[in-house]
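See below for the structure under consideration.
Within every chain, numbering begins at 1; the chains are lettered A, B, ... in the order of the sequence lines, protein sequences first and strands thereafter. Here the structure is a predicted model, which means the values were calculated and not measured.
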There are 2 protein chains.
Amino acid sequence: MISDNLKKVYIFSGLNDDEIDRIASIVKLKTFNKGDNIFFDTEPYLGFYITTAGLVKIYKISKDGREHILHIIAPPNTFAEVPLFENFGEEFEETYRYPANAMALEDDTHVILVPARKFRQLLESDTKICIKLVSGFARRLRHLNHHIEELTLKDVTKRVAGYLIKEIAEPEKGQTHSEISLAISKNDLAAYLGTIPETLSRTLKKLQDEGYIEVDGRKIVIKDAAGLRAAAM
Amino acid sequence: MISDNLKKVYIFSGLNDDEIDRIASIVKLKTFNKGDNIFFDTEPYLGFYITTAGLVKIYKISKDGREHILHIIAPPNTFAEVPLFENFGEEFEETYRYPANAMALEDDTHVILVPARKFRQLLESDTKICIKLVSGFARRLRHLNHHIEELTLKDVTKRVAGYLIKEIAEPEKGQTHSEISLAISKNDLAAYLGTIPETLSRTLKKLQDEGYIEVDGRKIVIKDAAGLRAAAM
DNA sequence: CGTAACCTTGATTAAGATCAATTCTCGTGG
DNA sequence: CCACGAGAATTGATCTTAATCAAGGTTACG
């Protein structure tokens with residue numbers, strides 16, 4: 001049921017059934033397999049997306065083929081909302097493009113497409129969704145700020161250590177567990193951390209040799225969280 | 001007059017005099033000299049700021065003292081709005097911090113402080129400001145996306161060339177003029193472009209030797225815009 | 001089993017940071 | 001008006017990090 005999925009999405013929480021149904025009536029469901037591109041940054045902007053299952057990466061490619069991952073989107077979350085606000089207030093234009101590429105990282109990745117034109121009409125009459133959207137944007141801005149800080153002010157070792165530290169922190173439970181199972185491939189992790197697979201591999205080995213972690217494929221056990229935290233600073 | 005300044009600010013455009021006055025009544029004016037810090041990322045969050053004169057840099061410092069500039073804020077613009085939306089809906093907490101440092105880059109930099117607590121109340125009742133805020137955030141997200149793309153996928157030469165190209169583009173007039181007068185010091189420009197002054201200096205010289213530009217202090221003349229554009233890709 | 005995608009390891013290279021030393025610029029006070 | 005000094009910018013020499021290039025090894029899956 002579409003409505004049930006929509007209710008779980010951050011920006012729609014707090015809406016009543018009627019409002020949810022209104023949104024459900026304008027959306028389209030899509031399913032992708034691992035490696036499928038959901039959109040390219042060259043395509044005209046149709047609307048934003050919501051993940052309901054699977055995993056999505058948002059990434060850019062340089063002219064010579066290098067890739068950098070900006071976000072990993074796990075359900076239930078939205079992506080590609082930014083172009084909704086190109087010249088908000090004026091007529092929506094057909095010439096807007098997606099700001100980056102999006103690819104499914106797992107088979108059976110389900111997404112919901114919310115068409116821009118119709119959603120914009122709805123948005124202008126609904127202040128609740130608007131506040132949710134600002135909050136979501138604020139969260140994303142914080143993430144990008146942090147991401148830039150990591151990329152520009154820290155070396156690869158610090159970035160890798162910092163990523164692992166963030167992975168074991170479970171903010172809701174207030175507790176940490178010491179084993180990580182990487183959700184994404186090491187190739188993708190390297191592209192997210194602003195490096196290449198070879199360097200990531202060497203860095204993980206170094207952190208292992210120093211006794212902070214133990215690596216076994218995608219499973220990483222944290223042996224010394226305090227030391228790792230210090231290595232990330 | 002405060003109200004006149006407020007009207008010029010993006011997120012408040014479209015508000016009527018009454019609404020502007022309501023905001024004017026809760027703000028505080030401040031003036032800073034070149035080099036003065038407006039806030040540090042260690043300070044408790046009081047509210048967001050609006051520049052009305054001068055120039056402000058938003059930056060981060062690494063543990064070993066390296067600096068990276070995230071944004072250069074020119075009037076009339078807002079900055080540090082993101083923490084407004086920490087857990088929006090719940091009670092505003094006193095423990096929030098500014099997400100980065102801010103410093104005035106010119107003498108007589110005027111800013112307006114809009115206190116968080118009062119503004120949040122106002123925001124919940126006013127959908128127009130909310131939409132403006134989302135739009136402003138969207139613009140900033142686009143900027144950060146672009147910034148990350150530049151930093152991670154391009155070398156210093158491409159970043160410098162790209163910056164110059166962006167400087168000569170005057171979107172409103174649809175025309176380009178070929179002379180740039182840098183608004184910020186080369187030290188700051190280096191920190192913004194993710195490099196250091198020495199490397200920036202060498203890169204500008206290289207671009208000059210290749211015939212694309214002519215550098216004379218803060219004045220840079222574009223001799224070959226097409227070539228420079230190609231060098232930025 | 002066989003093949004392709006993923007990951008690791010080693011040797012080499014290159015971009016840009018660091019270190020050190022001048023030079024340039026400009027505001028201030030004698 | 002000139003001299004001084006501080007901050008800004010440049011230049012050269014060297015070093016470090018991480019990318020590149022090349023070759024195997026592992027894993028997963030049809």
Side-chain angles (χ1 to χ4, degrees), chain A residues 33-36 57 61-69 103-108 150-161 181-209 213-220 231, chain B residues 33-36 57 61-69 103-108 150-161 181-209 213-220 231:
Chain A
N33 284 321
K34 186 177 172 176
D36 289 348
K57 72 173 173 187
I61 298 276
S62 75
K63 220 183 41 167
D64 56 328
R66 284 191 310 125
E67 170 187 333
H68 183 76
I69 296 179
M103 180 188 281
L105 291 180
E106 292 177 1
D107 283 340
D108 256 301
E150 293 279 312
L151 290 168
T152 55
L153 298 178
K154 294 186 179 174
D155 59 29
V156 173
T157 304
K158 291 185 172 64
R159 302 208 287 272
V160 173
S181 181
L182 295 180
I184 57 180
S185 76
K186 287 181 182 169
N187 278 356
D188 282 331
L189 181 55
Y192 176 70
L193 294 175
T195 183
I196 57 173
E198 293 96 317
T199 301
L200 174 61
S201 183
R202 284 184 249 267
T203 305
L204 285 171
K205 202 184 180 190
K206 199 183 79 175
L207 290 172
Q208 181 170 266
D209 290 346
I213 61 176
E214 208 136 281
V215 184
D216 174 23
R218 284 200 184 186
K219 206 185 73 185
I220 297 177
Chain B
N33 284 320
K34 186 177 173 178
D36 290 348
K57 71 174 175 188
I61 298 277
S62 75
K63 219 182 44 165
D64 56 329
R66 283 193 310 123
E67 170 187 334
H68 183 76
I69 297 179
M103 179 188 282
L105 291 180
E106 293 177 0
D107 283 339
D108 256 300
E150 293 279 313
L151 290 168
T152 54
L153 298 178
K154 295 188 179 172
D155 61 28
V156 173
T157 304
K158 290 187 173 64
R159 302 208 287 273
V160 173
S181 181
L182 294 180
I184 58 180
S185 75
K186 287 182 182 167
N187 278 358
D188 282 332
L189 181 55
Y192 176 71
L193 293 175
T195 183
I196 57 173
E198 293 95 317
T199 301
L200 174 60
S201 182
R202 284 184 249 267
T203 305
L204 285 173
K205 202 182 178 190
K206 198 184 79 176
L207 290 173
Q208 181 170 262
D209 290 346
I213 61 176
E214 207 136 285
V215 184
D216 173 24
R218 284 202 182 184
K219 206 186 70 186
I220 297 177

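Applying a 4.0 Å cut-off to non-hydrogen atoms, the residues of residues 191-206 of chain B that approach DNA chain C are B/Gly194, B/Thr195, B/Ile196, B/Glu198, B/Thr199, B/Arg202, listed by residue number.
At least one donor-acceptor pair under 3.5 Å links the side chain of B/Lys186 to the backbone N or O of B/Gly217.
Scanning for side-chain contact (heavy atoms from CB on, under 4.5 Å) contacts around B/Ile61 gives B/Tyr59, B/Glu67, B/Asn101, with sequence neighbours left out.
Within the 4.5 Å cutoff, side-chain heavy atoms of A/Asp188 are placed close to those of A/Lys57.
Across every non-hydrogen atom of B/Arg159 and B/Glu150, the tightest pair is CD-O, 3.4 Å. For the residue pair A/Asp107 and A/Lys34, the shortest heavy atom distance occurs at OD1-N, 2.9 Å.
Computed from coordinates, the B/Ile220 CD1 to D/dA9 C1' distance equals 13 Å when rounded to whole Å. In this structure, the CG atom of A/Leu153 is 16 Å from the C1' atom of D/dT17, given to the nearest Å.
Remark on the helix from C/dC1-D/dG30 to C/dG30-D/dC1: inter-end axis angle 40°, axes from five-pair C1' superpositions, rounded to 10°.
Boundaries of the chain A contact region on DNA chain C are C/dC7 to C/dA11, first to last in 5' to 3' order (nucleotide atom under 4.0 Å from a heavy atom).
To the nearest 0.5 Å, the span separating CG on A/Leu151 from CG on A/Asp155 amounts to 12.0 Å.
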With a 3.5 Å cut-off and sequence neighbours excluded, list the donor-acceptor pairs that the side chains of residues 193-206 of chain B form with protein atoms.
residue, atom, partner, partner atom, Å
B/Thr203, OG1, B/Thr199, O, 2.7
B/Lys206, NZ, B/Thr157, OG1, 2.8

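Residue contacts for B/Arg159: at a heavy-atom cut-off of 4.0 Å it reaches no nucleic acid atom on any strand shown.
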> Could you run down nucleotides 25-30 of chain D 5' to 3' and tag each one B, S or - for protein heavy-atom contact under 4.0 Å?
Replying inline: ------
